[in-house]
2 protein chains.
Amino acid sequence: MSSGAGGLPALVKTRRALGLVGEEARVRGWVYRKRDLGGKIFVVVRDSEGVMQVVVDRATAPPEAVRAAEAATIESAVEAWGRVEADPRAPGGAELRAEGFVLHSRAEDFPIKGGEGVDYLLDVRHLWIRSRRLTAVWRLRHVALHAMRRYLDENGWWEVSPPILTQSAVEGGATLFEVNFFGRKAYLSQSAQFYLEALIYSLERVWSLTTSFRAERSRTRRHLYEYWHLETEEAWARMRDSMRVAAELVAAAVRGVLEGASEELSLLGRSTEPLERAARPDYPSITYDEAVELLRRKGVSVEWGDDLGADEERVLTGYFDTPFFVTHFPKHLKSFYMKPDPGRPEVVLGFDLLAPEGYGEVIGGSEREDRYEALLARIREEGLNPDEYRWYLDLRRYGSVPHSGFGLGVDRLVMWIAGLDHIRDSLPFPRFRDRIYP
Amino acid sequence: MSSGAGGLPALVKTRRALGLVGEEARVRGWVYRKRDLGGKIFVVVRDSEGVMQVVVDRATAPPEAVRAAEAATIESAVEAWGRVEADPRAPGGAELRAEGFVLHSRAEDFPIKGGEGVDYLLDVRHLWIRSRRLTAVWRLRHVALHAMRRYLDENGWWEVSPPILTQSAVEGGATLFEVNFFGRKAYLSQSAQFYLEALIYSLERVWSLTTSFRAERSRTRRHLYEYWHLETEEAWARMRDSMRVAAELVAAAVRGVLEGASEELSLLGRSTEPLERAARPDYPSITYDEAVELLRRKGVSVEWGDDLGADEERVLTGYFDTPFFVTHFPKHLKSFYMKPDPGRPEVVLGFDLLAPEGYGEVIGGSEREDRYEALLARIREEGLNPDEYRWYLDLRRYGSVPHSGFGLGVDRLVMWIAGLDHIRDSLPFPRFRDRIYP
């Protein structure tokens, strides 16, 4: 037993304390549950790593500890110390027999008691985010981000800081958020792609993690208006090179979570089998043509040239039990900057990576059009104003090279890895059309 | 010598090729400099890690290689292979004697030739960012960010993803950017602080790296309208705890750069002495009162209660040769959420960390007011509407704990570490009042 300040046992996290059976420990956190059984008060304390049951025995605990435990309400901030004893009935198999109990601050009647509707819970999202379930998602998200960064670091990628305020519409004007920039119109970035492309002529392999913004017209369970976008861009890379990076990045996130967030997966009730299958980056790949064929086989009415929406993606995921690629989309379905397939110019060298189990697209990428005249022609063909893409066109005039890249929706990836029903729970403060508070 | 595809020597980065004297190598990149001396053409090739001189000898190189080298212009994309030989006149002390030279794409006349004014260079920022000097900053920035993340990872901090679109004005309304959010007013975040505060009740120690936005009225060499903000928030932490984290984080960045970006520092002409002094986190600390006294000693006319602006900060940095703290500012100079010093309520438990050498503030932080009534009174005292801070006030009603945190301006930190004259060069696409393109 190590001793902390003031002669009290050393302060440890609940997760560690559970392993100190037979020793003294001190824990600190918030009251998660409380039952007063007369002789004993059972207080489950929650901290950043888990929960631990504290038992305040009226027969043996000091009177001031008993009074503090009596006064403690749900979500009150408390601290307790004493001996840790094994008890199979306690969460985690051990409990702390309190020799001291301090009430740091007494919570008012906590408004979330269970059974509230989603609209109300979103109104008190600043309190809801404390739930054990959501906290497990935040920890899993941290672990996934950490694993992806480690992959990028170990493979020679440079992290860069692209702008959010921009005059460039990467994905077209319909979903742009407008900002009043001293009387001029500016927009919130939909993608850092153009800026990453500018940076490959010096750093070659670049990535960024930023918020991207899309004013989606539709309300779905997998769209956010503000989302976290991990984007890569690589000089000298063809579509297949970028697909390999995409698969390795997702597999790295999955392995990271399996290794570093197994308790969180368990708390979320997430089956690890689909994740174990996705831990190796050898994901299958089909073309858009093949996707159309597979959809028809399941009775989906789809013509070549039709866009594949959430419904079609869901059907396709029925064919695969790992993430999988769809490639070579019809040109008119994709953005002007995607390079046409030289052998078949009606399709582009673009790819999506879809998560299985009905989740669908988590990554979109492509080889970029690197020829000045061809890019200019595509901009005109789409009815866009070449003047607005002047600097982007410049990149093809001074040392153009083949290059490819992709954007990964971090929230989408977390949603699938954690097995969530709705993307709103993949991050603490989701933004939708009718939701900007808190 | 290892062999690459097609029987050519293995492709390596220039930095590695310089060490392969006596061996065959292949490099790829962009033409940085070119001189045609008749018998030989000297082409300096730039890639993501540095430069290397390629010599195309008209007497010995294949005719198609000579023709390609002749056609290559500045910033053309090229590839060359051959034997690496030591030559003290070449950059890096070695050069590649070309047996093959391929022109991947020929650049038009590159508009940056040296001597251009800053306004023009900012117009072609998408091309300027390739300069060896700016590329060295991007690499240094990557290394600094990496080192700070490693510090946070190793010390139990959880990375979280706070929102950018918000209705909360953390730092007051004057510098807010307004967004049209489906007919409602929303703002771009000035700080993630309030959201990080909400997250400490579950994760205890949280940090985020986001863009923050301030529509500054003044044009200075150290203000950006859009900047990268690394913020921390910690439950149970007092002001001094947070100051220790701030110092350790900055020292970690400095050590990371000294170890991992020494070539970049050298290329930037940055003296490492001030950085070596800052590599240990034992930074001195003075109070605001002492700062006023030190300013007066240098003849600055300042009254107790006056704000310390860039000019005053610059004078103060003359007293220190490492980063240093200023603490305990008059309450009216700081935001309403800072906790007053219990022993002297006219000052707050707030701190700034100032970089030496005239750079000034890189971090601002404080202990937060954790008492509901006191926070409400401060909001009213500042003439703010408590309704707009309803959810933030809630955090004091349900399990309030002492907590502290800070925000670090990543661009400011990079500016100081790299020894830059102007903050615009600390990131690729800076945003100012008159600058939103490219």
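Given the structure is predicted, the values throughout are model-derived calculations rather than measurements. Lettering follows sequence order; numbering is per chain, from 1.
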Asker: Between chain A and each of B:T211, B:I129, B:L427, count heavy-atom pairs under 4.5 Å; write down the option with the most.
Answerer: B:I129
Asker: Does some side-chain heavy atom of A:S202 sit less than 4.5 Å from a side-chain heavy atom of B:R46?
Answerer: yes
Asker: Could you please spell out the steps behind the side-chain contact (heavy atoms from CB on, under 4.5 Å) verdict for A:V179 and B:E178?
Answerer: CA-CA 6 Å; A:V179 181; B:E178 194 177 303; over 6 Å; no
Asker: So for A:R433, is it side chain, backbone, both, or neither that comes closer than 4.5 Å to the heavy atoms of chain B?
Answerer: both
Asker: If you count heavy-atom pairs within less than 4.5 Å of chain B, which of A:E75, A:R106, A:R371 leads?
Answerer: A:E75
Asker: For chain B, which candidate among A:W30, A:F429, A:Y195 shows the most heavy-atom pairs at distances under 4.5 Å?
Answerer: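 Max contact count across the listed options: A:W30.
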Asker: Can you name the ring pair (Phe, Tyr, Trp, His ring centres under 6.0 Å) partners of B:W158, sequence neighbours left out?
Answerer: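 Once residues adjacent in sequence are excluded, the partners of B:W158 under the ring pair (Phe, Tyr, Trp, His ring centres under 6.0 Å) criterion are A:H142.
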Asker: Count the heavy-atom pairs under 4.5 Å between each of A:F110, A:W138, A:W228, A:Y372 and chain B, then report the option with the highest count.
Answerer: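 Ranked by contacts with chain B, first place is A:W228.
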Asker: Strictly below 4.0 Å, N to O, side chains only: are A:R149 and B:E159 in salt-bridge contact?
Answerer: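 Looking at B:E159 together with A:R149, the answer is yes, because their closest N to O distance falls below 4.0 Å.
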Asker: May I ask you to name which of A:P111, A:G156, A:A186 has the most heavy-atom pairs under 4.5 Å with chain B?
Answerer: A:P111
Asker: Taking it one step at a time, do B:L127 and A:D394 satisfy side-chain contact (heavy atoms from CB on, under 4.5 Å)?
Answerer: CA-CA 8 Å; B:L127 304 175; A:D394 264 3; 4.3 Å; yes
Asker: Among B:P430, B:A72, B:P428, who wins on heavy-atom pairs under 4.5 Å with chain A?
Answerer: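 Max contact count across the listed options: B:P428.
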Asker: Between A:L145 and chain B, which part of the residue has a heavy atom less than 4.5 Å away: side chain, backbone, both or neither?
Answerer: side chain
Asker: Determine whether the aromatic ring centres of residues A:Y225 and B:F182 are separated by less than 6.0 angstrom.
Answerer: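 Yes, the ring of B:F182 comes within the 6.0 Å limit of the ring of A:Y225, centre to centre.
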Asker: So which part of A:R150 gets closer than 4.5 Å to some heavy atom of chain B, the side chain, the backbone, both or neither?
Answerer: neither
Asker: If you define the side chain from C-beta out and look only at heavy atoms, does anything of A:L188 sit under 4.5 Å from B:L188?
Answerer: yes
Asker: Name the region of A:R132, side chain, backbone, both or neither, that has any atom closer than 4.5 Å to a heavy atom of chain B.
Answerer: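 Neither part.
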Asker: Is B:E204 salt-bridged to A:R28, cutoff N-O under 4.0 Å?
Answerer: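 Result for this pair is no, no salt bridge flagged.
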Asker: Heavy-atom distance under 4.5 Å between the side chains of A:E226 and B:P163, does that happen here?
Answerer: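 The answer is yes; the side chains approach within 4.5 Å.
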Asker: Should A:R130 and B:L199 count as side-chain neighbours, where that means a heavy-atom distance under 4.5 Å?
Answerer: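 A:R130 vs B:L199: side chains apart.
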Asker: Answer with side chain, backbone, both or neither: which region of B:W128 has an atom nearer than 4.5 Å to a non-hydrogen atom of chain A?
Answerer: neither
Asker: Taking every non-hydrogen pair under 4.5 Å, which of B:R205, B:R396, B:H146 racks up the most with chain A?
Answerer: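 The option with the most such pairs is B:H146.
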Asker: Below 4.5 Å, heavy atoms only, C-beta onward: do B:I436 and A:T166 meet side chain to side chain?
Answerer: no
Asker: Checking heavy atoms, do the side chain of A:L103, its backbone, both or neither come under 4.5 Å from chain B?
Answerer: neither
Asker: A:R139, A:K13, A:E49: which one forms the most heavy-atom pairs within less than 4.5 Å of chain B?
Answerer: A:R139
Asker: Who wins among B:L134, B:D109, B:V124 for the most heavy-atom pairs under 4.5 Å with chain A?
Answerer: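 Among the listed options, the one with the most contacts to chain A is B:D109.
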Asker: Taking B:H126, B:R390, B:R184, B:R431 one by one, which has the highest count of heavy-atom pairs under 4.5 Å against chain A?
Answerer: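 Highest number of pairs under 4.5 Å: B:H126.
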Asker: Taking the inter-plane angle between the rings of B:H104 and A:W236 on a 0 to 90° scale, is it parallel (under 30°), tilted (30 to 60°) or perpendicular (over 60°)?
Answerer: perpendicular
Asker: Is there a side-chain contact between B:F177 and A:N180, using heavy atoms and a 4.5 Å cut-off?
Answerer: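 Answer no - side chains too far apart.
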Asker: Identify which part of B:S400 has an atom lying under 4.5 Å from any heavy atom of chain A, answering side chain, backbone, both or neither.
Answerer: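 B:S400 touches chain A through backbone and side-chain heavy atoms alike.
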Asker: Would you mind telling me which of A:A235, A:S131, A:A215, A:A107 has the largest number of heavy-atom pairs within less than 4.5 Å of chain B?
Answerer: A:A107
Asker: Any donor-acceptor pair under 3.5 Å linking the side-chain atoms of B:R141 with those of A:S161?
Answerer: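 Looking only at side-chain atoms, B:R141 and A:S161 do form a donor-acceptor pair, the distance falling under 3.5 Å.
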Asker: Counting only non-hydrogen atoms closer than 4.5 Å, does B:D47 touch chain A with its backbone (N, CA, C, O), its side chain (CB onward), both, or neither?
Answerer: both
Asker: Side chain, backbone, both or neither: which part of B:V78 has a heavy atom under 4.5 Å from chain A?
Answerer: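 For B:V78, backbone heavy atoms alone lie under 4.5 Å from chain A.
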Asker: So, do A:P438 and B:Y392 sit near enough that their side-chain heavy atoms are less than 4.5 Å apart?
Answerer: no
Asker: Would a 4.5 Å heavy-atom cut-off, applied to side chains only, mark B:I164 and A:F213 as touching?
Answerer: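 Yes, side chains in contact.
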Asker: To the nearest 0.5 Å, what is the distance between CG on A:D434 and CZ on B:F181?
Answerer: 8.0 Å
Asker: With a 4.5 angstrom heavy-atom cut-off, could you sort out which part of B:R125 is near chain A: side chain, backbone, both or neither?
Answerer: neither
